[in-house]
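Have a look at the structure below before the remarks.
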Amino acid sequence: MRLSELLVHTLREAPAEAEIPSHQLMLRAGLIRQNAAGIYTWLPLGLRVLNKVTHIVREEMQHIGAIELLMPMVQPAELWRESGRWNQYGPELLRLQDRRGREFCLGPTHEEVITDLIRNTVRSHRQLPLTLFQIQTKFRDEQRPRFGIIRAREFLMKDAYSFHLDVESLDETYMRMYAAYSRVLERIGLDYRAVKADTGSIGGDVSHEFHVLAESGEDTIVYAPDGAYAANRELAEARPSRKRRPAAEASLARVATPHAYSIADVSKLLDIPPSHCVKTLLVKGSETPAVALILRGDDELNPVKAGHLPEVVSPLKLLGEEEVRKLGSLEFGSIGPVDLEFPVIADREAALLADFCCGANTPGEHLTGVNWGHDLPEPAVADIRLVKEGDRSPEGSGRLSFARGIEVGHIFKLGKRYSTKMNAVVQDSHGAERPLMMGCYGLGISRIVAAAIEQNHDTRGILWPPGIAPFSVIIIPLGAQHSADIRGAAERLHDELHQAGLEVVLDDRCLRAGVMLKDSELLGIPHRLVISARSREKNIVEYQARGAVSSEDLPREGLIDTLRKRLMRQ
RNA sequence: CGGGGUGUGGCGCAGCCUGGUAGCGCGCCUGCUUUGGGAGCAGGAGGCCGCGGGUUCGAGUCCCGCCACCCCGACCA
């Protein structure tokens, strides 16, 4: 392949809209072009990388016995009405009408379409288990696309769906898929973590996310150094700081706390550490106008965990200052759980406190020496705090650390959610109809490309992991403008490597040395060969690995074998 | 969706306050020189100054409306 054919137009400066390295480098190296917010063209060079990832993913899917199919991007509204998601999904679902006014949407995911397919084609448990996948363009009308390809509206995704008679079979496929995702990321050579995750709006009971570790990641993942525990911070929990509540010693007292509204203010004023104060957050209840969530003063609410409480509306809605006022004589800054007329749910840590301090539900006053079961009823207890770095790991030993990650994969045990709603049943061995057990498994192919760059770049450009580099070898002829000999030598070398099955690209643009050398580094091709008058004279080829500090001379004779060895070594 | 910002040639930007010939650097085309880390000189092409309306003799510049894009937050299988 010749560079002149690939529409590479490198940019010396990054376009102003790009902030993070992967976005800047993808634009500068000519991998993508933006068409609209979150919508991109993949240029030839970028597409080669995308196809590399696709290839690896396809192989690993086939390896675990998944069967490929291709479903439509445009999906009829009826299916979404059946599953209930036409109303649930919200504006992220791009809806459209055909010329007859029939409603459709662009597929953000394919549970409906595949469930519809399977209910019409699978009747017997003998056809199970079954795992199907596709690699297809998805559209989600994100409120705020950003970071280039990482959070695009249109993106390439591998989505797989599995169908089972029982949960044991689902568990088995789930674990196989987990292993396959791990292999994909290992083959590409990315530093990643699989973490327990919230199931979000897709539902189901168990789910894991696969995160590529990167500073610019949008998610915080929590892990224990012994590897026994890893979770998204949205769902992460910690081992409680103590086993049981200390005995009460103090007695209830009401103190004036003028102008002290925050935990920090109160703590300072009364000389009580924040860990012995509680904060009371009022949220909209599912049955009651409000529910009080109690946290230790030094803890923060995890809205995702709290949103799962049956007593509160989901997603969680914190009451604003005005809404709180309407509830009675309550004012922000002095709310507490004592004599509150709403359900009180305490975080585990807050429930372990004795002699604590809280708002008195009278503006400008707080209570000290408060004790559960004495000054107020024992609360309902739940784990609703956001874990902190250094908390104790809930499994195994050690303390929790944080890292930033880019979510590239997410697998779910869906259970019967879709099969029940859409009446997808099979006959079991007794002839009885049973709803299908389902799993679904997403892997963001285009996002992996960006994540790979995010994790593998330097000041000069991209350093492609060998498994997904657009080319393995780039040949740069220096002085080719004036030398038919150099030109010819470069061409012959290119053809020879190509014949030998190496993925090689020749920079035939005949530009100045500096430009071609810089570009080769920007493009991130792992191996570079320079042909020049000097190399011709000495009958060598100058070799430099991307990222290496210096070059070395390789004898022209046997070059292919030498190169092959270096390619294998990676 | 709330807050902030930006729209001027392919990319990066100035010009707008104070209205009067649309400019700079990079890139692109031609020629000459140069040639191992983003060359020099000369010549050249390329612009509904985001869109619509208004004010004015005259609008890139002032006013009104809209749109697009970016950033922070909320949101997000």
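Per chain, numbering begins at 1; letters A, B, ... match sequence-line order. The structure presented is a predicted model; accordingly, all values stated were derived computationally and were not measured. Heavy-atom basis, side chains included; hydrogens, waters and symmetry copies ignored.
Taking atom P on both nucleotides, B:C63 is separated from B:C70 by 26 Å, rounded to a whole Å. Spacing of P atoms, B:C41 relative to B:U55, comes out at 49 Å, to the nearest Å. Taking atom P in both B:U18 and B:G38, one finds a spacing of 45 Å when rounded to whole Å. Distance check on atom C1': B:G12 versus B:C48 gives 23 Å, rounded to whole Å. Distance check on atom P: B:U21 versus B:G58 gives 15 Å, rounded to whole Å. A gap of 36 Å separates the C1' atoms of B:C16 and B:U30, to the nearest Å. B:G46 and B:C29 have their P atoms separated by 15 Å, given to the nearest Å. For the P atoms, the distance linking B:U61 with B:C51 amounts to 10 Å, nearest Å.
Using a 4.0 Å heavy-atom criterion, one finds that A:Gln143 contacts the bases of the nucleic acid, with or without backbone contacts as well. Within the nucleic acid shown, A:Gln34 comes within 4.0 Å of sugar-phosphate atoms alone, with no base atom in reach, counting heavy atoms only. Counting any heavy atom pair closer than 4.0 Å across all strands shown, A:Asp519 reaches a base atom. A:Ala18 comes within 4.0 angstrom of no nucleic acid atom, judged by non-hydrogen atoms across all strands. Residue contacts shown for A:Pro108 include a base, since a base heavy atom lies under 4.0 Å away.
Both distances falling under 3.5 Å, in either a Watson-Crick or a G-U wobble arrangement, place B:C24 opposite B:G12. Shown here, B:A68 forms a base pair with B:U6; the pair counts as Watson-Crick or G-U wobble because both key distances fall under 3.5 Å. Across all strands shown, the partner of B:C32 is B:G40, judged by Watson-Crick or G-U wobble contacts whose two distances both fall under 3.5 Å. In a base pair of the Watson-Crick type (N1 to N3 plus N6-O4 or O6-N4) or a G-U wobble (N1-O2 and O6-N3), with each distance short of 3.5 Å, B:C49 is matched with no nucleotide. Under the Watson-Crick or G-U wobble criterion, with both distances below 3.5 Å, B:G19 is left unpaired in every strand shown.
Nearest to the side chain of A:Ser532, among B:G27, B:G36, B:C72, sits B:G36. Distances from the side chain of A:Arg534 to the nucleotides B:G27, B:G36, B:G38 place B:G36 closest. When distances are taken from the side chain of A:Glu13 to each of B:G36, B:G12, B:A39, the shortest belongs to B:G12. Of the candidates B:C69, B:G37, B:G10, B:G37 carries the atom nearest the A:Glu521 side chain, counting heavy atoms from C-beta on.
In terms of position along RNA chain B, the nucleotide closest to A:Ala14 lies nearer the 5' end than the nucleotide closest to the other residue of the pair A:Ala14 and A:Arg528. Along RNA chain B, the nucleotide nearest A:Thr10 and the nucleotide nearest A:Glu218 are compared for position; the residue whose nucleotide lies closer to the 5' end is A:Thr10.
For A:Arg509, no side-chain nitrogen or oxygen approaches OP1 or OP2 of B:G27 to under 4.0 Å. Taking side-chain N and O atoms only, A:Arg512 has a distance below 4.0 Å to OP1 or OP2 of B:A39.
Relative to the six-membered ring of A:Phe412, A:Arg417 misses at least one condition, a distance below 6.0 Å or an angle of at most 45° to the axis.
Side chains of A:Trp86 and A:Cys105 form a contact here, defined as non-hydrogen atoms less than 4.5 Å apart.
A salt bridge links A:Glu491 to A:Arg2: one of the charged nitrogens lies within less than 4.0 Å of a carboxylate oxygen. Between A:Lys158 and A:Glu60, no side-chain nitrogen of the basic residue sits less than 4.0 Å from a carboxylate oxygen of the acidic one, so the salt-bridge criterion is not met.
Here the options are A:Glu521, A:Glu552, A:Glu542, the test is salt bridge (charged side-chain N to carboxylate O under 4.0 Å, His left out), and the partner is A:Arg528; only A:Glu521 passes.
No donor-acceptor contact under 3.5 Å links the side chain of A:Arg144 to the base of B:C76.
Distance alone, capped at 3.5 Å, places no donor-acceptor pair between the A:Gln455 side chain and the A:Leu190 backbone.
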